[in-house]
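Heads up: the structure comes next, in structure tokens.
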Amino acid sequence: MSNLDLEQLREKVDAVNLQILSLINERASIVQDIGQLKEKQGMEKFDPMRERHMLDLLKENNSGPLDQKTVDHIFKEIFKSALDMQEEDHRKALLVSRKKKAEDTIITINGEKIGEGGPSFIFGPCAVESQEQVSKVAEAIGGKGLRMIRGGAYKPRTSPYDFQGLGLDGLKMLKKAADENNLAVVSEIVTPHHLEAALDYVDVVQVGARNMQNFELLKAVGSINKPVLLKRGLSATIDEFINAAEYIIANGNSQIILCERGIRTYEKATRNTLDISAVPILKQETHLPVFVDVTHSTGRRDLLLPTAKAAIAIGADGVMAEVHPDPAVALSDAQQQMSIPQFDEYYDALMKFMKQYELKA
Ligand code: PEP
Ligand code: MN
């Protein structure tokens, strides 16, 4: 074969490549239209029967020289890429997505604007245990000019024999302590049944990690007019987390704060593995503020400060950590709560860190 023949054949291959490119793009745009139709009709994107039909049709018409296995392989890749593209389009269309709303969502709680730039803080005990206990913590928080206190009254415990929380009485105690120190109340609600009564005492409804995919609860908090702090599920992917937030916004409530709180991995050195890169991913993918719970992610008091620094440095809108007047006798999470003197030191260290690196307070 002369060099000229080779050149001519290569030119032909280039031309065919361009034809294939144009045809697979034409195919992709038809599939996009199909995806939109299916979306409108609430139909499943992947249809195995349809895929089988397309492969059969190709088989009937394959006159070679490519064997059928190769043709199947090539076309399955083409089918898959079209499906991936439909899913990508779907994700971009979510109400919580940046694509849908480019500006950051800013949520005002007790005069504090969350998501505006500098970090906010949510401190407080794991669980409300007594009036005296929450009042002591509220004074320490309020004394720093902070605006929110947390405390669980309905505790989702692993064992049914562990302390389950004080329920509505606990919320009343927390609200009293909060009012006396100009604080907003952040507290977890575990079932839609408790929601209405709790709203008299709670300013921010927390949906805990174990309930991230409790879809009835998500729908219920989606129809209230108060901010929701949604925690990432124990084993939830970022995509599942974003879709959980979508349940809330789809029901009308856009005041959502996402909270990364560590995920289950094989690592045992910490209680969970803090997925710090989830913060910038969630900030890129959604317009919602993102918090990091350093207590439940690490389960270690010695890691509360370095992980909070990491959270602030990576762009989190806030940090959550637990504080108890006497952690050694706490009825839950005794391992990792800070005492009040430890909390004072912790907060000072964080402020110093932010000043040192000129981070917006
Ligand atoms: C909590 O914040 O009180 C709590 C139980 O956290 P999580 O749902 O993240 O485990
Ligand atoms: Mn706790």
Side-chain angles (χ1 to χ4, degrees), residues 120-129 133-134 137 141 148-160 162-167 170-171 174 184-191 194 198 202-214 217-218 221 227-236 238 240-241 244-245 248 256-265 270-276 278-279 282 290-301 303-304 307-308 311 316 318-339 342-343:
S120 300
F121 296 97
I122 302 177
F123 296 114
C126 182
V128 178
E129 296 171 6
Q133 174 235 15
V134 278
V137 180
I141 297 170
M148 292 174 278
I149 184 169
R150 59 148 287 143
Y154 299 96
K155 296 301 297 175
R157 305 303 301 281
T158 302
S159 164
D162 286 340
F163 176 59
Q164 302 286 306
L166 298 178
L171 289 184
L174 190 57
V185 169
V186 183
S187 199
E188 177 165 357
I189 297 302
V190 293
T191 161
H194 294 155
V202 174
D203 301 296
V204 179
V205 175
Q206 180 171 317
V207 174
R210 288 154 197 80
N211 274 316
M212 189 207 82
Q213 284 191 319
N214 179 340
L217 182 60
L218 296 176
V221 297
V228 176
L229 183 109
L230 175 66
K231 292 190 135 193
R232 180 173 180 181
L234 309 182
S235 308
I238 291 177
E240 288 162 344
F241 190 19
I248 301 173
I256 307 163
I257 301 167
L258 301 173
C259 184
E260 160 62 36
R261 49 78 72 206
I263 46 172
R264 280 245 168 121
T265 68
T270 48
R271 179 166 154 180
N272 291 289
T273 298
L274 174 59
D275 181 7
I276 199 74
V279 176
L282 291 167
V290 180
F291 262 61
V292 172
D293 173 347
V294 291
T295 299
H296 295 98
S297 49
T298 66
R300 284 175 52 161
R301 203 174 285 126
L303 297 182
L304 300 179
T307 47
V319 170
M320 173 184 271
E322 288 182 347
V323 181
H324 190 287
D326 191 356
V329 297
L331 296 177
S332 56
D333 285 351
Q335 287 296 314
Q336 68 260 27
Q337 301 199 56
M338 289 179 271
S339 67
Q342 283 166 342
F343 168 50

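What you see is a predicted model, and the numbers here were worked out from it, not measured in a lab. What you see below is based on every heavy atom in this structure, not just the backbone, and it leaves out hydrogens, waters and symmetry mates. As the structure lists them, so they are numbered: ligands from 1, and atoms in each ligand from 1.
In terms of N/O distances under 3.5 Å, ligand 1 is approached by Ala209.
Contact between Gln206 and ligand 1 is present, with at least one heavy atom of the residue lying under 4.0 Å from the ligand.
With the Mn ion (ligand 2) at the apex, Glu322 OE2 and Cys126 SG define an angle of roughly 100° (rounded to 10 degrees). Rounding to 10°, one obtains 90° for the angle at the Mn ion (ligand 2) between NE2 (His296) and OD2 (Asp333).
Salt bridge Arg150/Glu322: present, at least one basic N to carboxylate O contact under 4.0 Å. In this structure, Asp275 pairs ionically with Arg232, as a charged nitrogen and a carboxylate oxygen lie closer than 4.0 Å. Between Arg301 and Asp333, none of the side-chain N atoms (NZ, or NE/NH1/NH2) sits under 4.0 Å from a carboxylate O, so this pair counts as no salt bridge.
Of all heavy-atom pairs spanning Gly124 and Val137, the tightest one is CA-CG1, 3.9 Å.
Protein heavy atom closest to atom 5 (C) of ligand 1, with residue, atom name and distance, is Glu188 OE1, 3.8 Å. Looking only at heavy atoms of the protein, atom 9 (O) of ligand 1 is closest to Arg261 NE, 2.6 Å. Nearest protein heavy-atom neighbour of atom 6 (O) of ligand 1: Lys231 NZ, 2.9 Å. In terms of protein heavy-atom proximity, atom 3 (O) of ligand 1 is closest to Arg150 NH2, 2.8 Å.
Against a heavy-atom cut-off of under 4.0 Å, Gly208 is close to the following atoms of ligand 1: 8 (O). Atom numbering of ligand 1 starts at 1 in the shown order; those under 4.0 Å from a heavy atom of Arg210 are 7 (P), 8 (O), 10 (O).
Within a 6.0 Å sphere centred on CD of Gln335, other residues, nucleotides and ligands contribute 12 heavy atoms or fewer.
A donor-acceptor pair shorter than 3.5 Å cannot be found between the side chains of Gln336 and His296.
Between the side chain of Gln164 and the backbone N or O of Asp162 there is at least one donor-acceptor pair closer than 3.5 Å.
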